[in-house]
Amino acid sequence: MADRSGSAAAGRAATADRPRDIRNVVLVGHSGAGKTTLVEALLAASGVLGRPGRVEDGTTVSDYDEFEVRQQRSVNLAVAPLLVDGVKVNLLDTPGYADFAGELRAGLRAADAALFVVSAVDGIDGPTRMLWEECAALGVPRAVAVTKIDHHRADFFEAVAQCQAEFGEGVLPAYVPVFHGEGESREVRGLLGLLSERYYDYSGGSPVERTPEPELLAEYASLRAALLEGVIQESEDETLMDRYMAGEPLDRAMLVADLEAAVARGSFHPVLALSALSGVGVPELLRELPLACPSPLERPLPPVTTPSGREVGGLGCDPDGPLLAQVVKTVSDPYVGRVSLVRVFSGTLHPDQTVHVCGSGMTSPERAGAESDERIGPLAVPLGRQTQPVGRVVAGDLCAIAKLAGAETGDTLSAPERPLRLAPWECPEPLLPTAIRAEHAADEDRLSQAVSRLLSEDPALRVEVNSETHQMVLWCQGEAHLALALDRLSRRHGVAVRTEEVVVPLRETFAVPAQGLGRNVKQSGGHGEYGICRIRVEPLPSGSGLEFVDETVGGVVPRQYVPSVEKGVRAQMEQGVHPGYPIVDLRVTLYDGKAHSVDSSDTAFQKAGRLALRDAADRSRLTVLEPVDLVSVLVPEEYLGAVMSDLSARRGRVLGSDPAPGGRMLIKAEVPQLEIVRYAVELRSLSHGTGTFTRRYLRHEPLPQHLAREYAAAGR
């Protein structure tokens with residue numbers, strides 16, 4: 001594969017032989033915060049790259065996909081390993097756009113710590129705050145990197161204050177920038193380490209470490225005091241606070257150790273200042289990553305069971321333990337084929353090893369519990385698109401495995417003699433539907449195969465073929481996610497796709513009881529058809545289906561032909577009458593009829609049943625029914641009124657709202673499906689990206705007559 005990074009990767013692949021020498025750090029934050037640029041700067045500072053690539057030029061290690069290059073934003077989870085003082089740090093770059101939350105969730109499963117990248121220019125958005133809460137619920141250790149501190153509109157201290165307000169009091173700066181000048185002429189001269197009391201002078205380009213002037217220490221004395229108190233409160237040494245208050249000198253190494261332990265516990269979150277473009281603060285971050293982030297030994301494993309579901313305890317990150325690994329991402333490479341990104345949680349992976357594959361069901365329900373044995377091929381260390389072969393991969397590390405045909409995203413790899421299963425991570429439910437069809441009829445079969453391969457790569461996608469509308473509906477996270485899926489179908493799988501408006505499945509039922517006559521008499525000299533039936537039709541409550549009752553007496557309709565009448569009625573109900581909507585929820589009573597000894601047949605009475613229902617429909621008034629969903633919307637309290645008003649405007653019935661954790665409100669409403677086809681996009685706009693919702697079908701209800709006429713006229 002061609003090298004598209006700023007320069008060729010230098011040296012051999014970064015490897016580690018012990019879990020304690022591994023750090024898995026996922027970079028998260030909103031789109032445009034500078035995550036990918038920061039990865040490039042760290043790779044260059046560690047010597048992996050000769051020079052950093054640029055997002056604008058499409059030369060970064062992380063954004064190697066053609067779609068990413070064109071869009072100039074990340075859409076994939078990418079891995080970039082580097083070595084710092086003998087410690088292998090796997091940087092996991094994630095997309096910041098909400099449509100690609102599935103990639104972010106995979107990154108969280110593969111990582112042991114999260115580095116929140118916050119722009120000193122733009123601050124924090126709502127989705128970033130929600131992600132912080134999610135990491136807190138999972139117990140993921142977190143640190144904060146405030147980027148773009150040298151931008152003329154940047155405000156580092158305002159960004160820190162916002163982080164403290166949104167993330168909590170455990171967020172405290174460990175480094176602060178020192179500026180010279182004002183306004184657009186302001187520039188960053190250096191960084192002050194508050195805990196170490198060392199100054200890193202960048203006025204000459206490269207950092208020079210020296211002792212800071214007393215005036216500088218005095219200027220930031222309050223920030224240093226807050227940091228010390230925060231570290232001391234987290235310390236297990238109960239005498240430390242007393243000694244600090246008494247003015248006794250404190251051992252700096254002990255404070256650093258306490259800080260690292262607090263970060264690993266997830267109760268303390270240091271803030272670092274940097275500019276990835278100018279390089280200010282990058283060496284400091286590079287130095288702190290292996291120190292502040294926990295090793296895999298310090299993190300518990302996800303829940304482990306046997307394939308039958310029995311809980312398995314006592315496992316840890318042990319290279320000599322039983323093999324336990326999980327596929328966190330699957331990619332179809334045009335040159336290599338399928339490539340699986342695997343996190344090893346226990347044991348050691350070797351090339352040409354036979355592993356047991358246990359399906360998770362993340363990509364398709366059919367794979368849940370599926371089991372097979374497979375011989376894996378060579379192992380490789382991924383660096384963006386590139387891979388370099390390695391001889392083994394120990395517990396705690398990540399690797400790429402090519403042509404692992406039997407495993408998909410979320411599946412578990414274990415030893416055949418001791419099969420195990422790791423619980424899959426939670427993937428956001430796709431809620432934006434789009435109907436798709438092949439541009440050319442000859443591609444219809446290829447479209448199904450291409451969509452199947454697409455789903456095996458991306459568990460955040462879902463597809464269904466609606467049995468009523470016969471549309472293939474692709475469910476995505478949002479418009480950007482849809483654009484990526486369509487691009488991959490076209491460019492990667494060679495199937496041109498046309499999108500269509502999703503047809504919501506409307507139905508009909510009888511508004512009032514009616515009677516119908518079905519007369520199917522055809523006699524033209526030869527073998528004819530003869531079947532006559534009379535039926536009564538009554539509407540039933542929603543969801544009742546068809547209740548067929550036989551009240552004939554005296555054999556007017558012979559016993560063998562009564563089921564034929566029912567078949568005809570059912571077939572006509574499925575086909576519909578006038579607009580073609582299926583007819584539902586009826587009690588149909590067969591009470592009279594007539595047969596012929598020669599010309600009556602199963603087919604004749606099926607046709608009679610059809611005709612009888614159509615005749616009853618002509619004599620009655622039909623009501624068009626629309627599907628209604630129960631919608632649960634979770635939004636911050638400040639958007640409660642706007643969201644409830646919007647739901648009401650969509651003909652929704654708001655059932656109520658209840659407080660939810662994190663200062664949010666849970667709104668429940670019954671809303672017609674016709675009104676929420678694009679609600680995933682519209683709610684995101686209404687709540688500034690902070691709202692989420694779920695939906696499930698409740699029932700069909702009468703559609704207002706003016707809308708029914710509208711839809712019938714439009715042929716929908």
Side-chain angles (χ1 to χ4, degrees), residues 3-16 21-27 29 33-55 57 59-63 74 78-93 113 115-120 143-151 174-178 187-193 196 198-210 270-293 381-384 386 388:
D3 174 27
R4 300 180 57 261
S5 60
S7 67
R12 62 183 180 84
T15 59
D21 294 332
I22 299 171
R23 304 291 185 273
N24 297 306
V25 184
V26 60
L27 279 69
K35 299 183 295 297
T36 300
T37 303
L38 177 56
V39 169
E40 290 293 306
L42 291 168
L43 290 173
S46 65
V48 175
L49 300 179
R51 66 179 185 279
R54 286 167 43 88
V55 172
D57 299 335
T59 56
T60 64
V61 167
S62 300
D63 291 352
S74 301
V79 181
L82 52 86
L83 285 173
V84 184
D85 297 330
V87 175
K88 180 186 180 184
V89 180
N90 290 313
L91 299 174
L92 295 109
D93 188 16
L115 180 64
F116 277 72
V117 181
V118 175
S119 167
V144 179
V146 177
T147 61
K148 304 181 181 180
I149 59 173
D150 54 354
H151 193 280
Y175 291 83
V176 294
V178 177
E187 60 181 14
V188 180
R189 285 295 182 88
L191 293 178
L192 176 64
S196 64
R198 301 297 294 170
Y199 180 63
Y200 304 91
D201 189 347
Y202 280 85
S203 58
S206 299
V208 177
E209 182 181 347
R210 60 179 175 82
V271 180
L272 296 96
L274 57 94
S275 168
L277 290 177
S278 67
V280 174
V282 173
E284 286 71 33
L285 175 60
L286 194 64
R287 183 172 60 248
E288 295 295 340
L289 280 174
L291 299 176
C293 296
V381 172
L383 176 61
Q386 300 180 50
Q388 292 184 304

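When a residue number appears, it is its place in the shown sequence, counting from 1. Below, all heavy atoms of this structure are taken into account, side chains as well, without hydrogens, waters or symmetry copies. As the structure is a computational prediction, the values presented were derived from the model and not from experiment.
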Discussion item. Assess the residue pair V87 and R23 against the criterion (side chain to side chain contact (heavy atoms under 4.5 Å, CB included)); give the C-alpha distance rounded to whole Å, side-chain angles, the decisive distance to 0.1 Å, and a yes or no.
Written reply: CA-CA 7 Å; V87 175; R23 304 291 185 273; 3.8 Å; yes
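- Within the model, atoms CG of L272 and CG of L191 stand 9.0 Å from one another, a figure rounded to the nearest 0.5 Å.
- Proximity of V61 to E40: side-chain heavy atoms (C-beta onward) are separated by under 4.5 Å at one or more points.
- Between K88 and V381 there is a side-chain heavy-atom pair separated by less than 4.5 Å.
- The shortest distance between side-chain heavy atoms of T37 and L277 falls below 4.5 Å.
- For I22 against A16, the heavy-atom pair with the smallest separation is CG1-CB, 3.5 Å.
- Here the side chains of Y199 and R189 are in contact, with some heavy-atom distance below 4.5 Å.
- Taking every heavy atom of both residues into account, V39 and A80 meet most closely at CG1-CB, 3.8 Å.
- S74 is listed as a side-chain neighbour of D93, based on a closest heavy-atom distance under 4.5 Å.
- Nearest heavy-atom pair, V282 versus A45, reported as atom, atom and distance to 0.1 Å: CG1-CB, 3.8 Å.
- To the nearest 0.5 Å, atoms OG (S196) and CD (E284) are separated by 9.0 Å.
- A heavy-atom distance below 4.5 Å is found between the side chains of L115 and L38.
- Atom CG of D85 is separated from atom CG of L289 by 11.5 Å, given to the nearest 0.5 angstrom.
- For the pair D201/R210, a side-chain contact is recorded, criterion being any heavy-atom separation below 4.5 Å from C-beta on.
- When all heavy atoms of R54 and D57 are compared, the pair lying nearest together is NE-OD2, 2.9 Å.
- Closest approach of G281 to Y202, counting heavy atoms only: N-OH, 3.2 Å.
- The two residues I149 and P177 make their nearest non-hydrogen contact at CD1-CB, 3.9 Å.
- Rounding to the nearest 0.5 Å places CG of N90 at 5.0 Å from CG of N24.
- Taking 4.5 Å as the limit, some side-chain heavy atom of T147 sits within range of a side-chain heavy atom of L274.
- Rounding to the nearest 0.5 Å gives a distance of 4.0 Å between OG1 of T36 and CG of D63.
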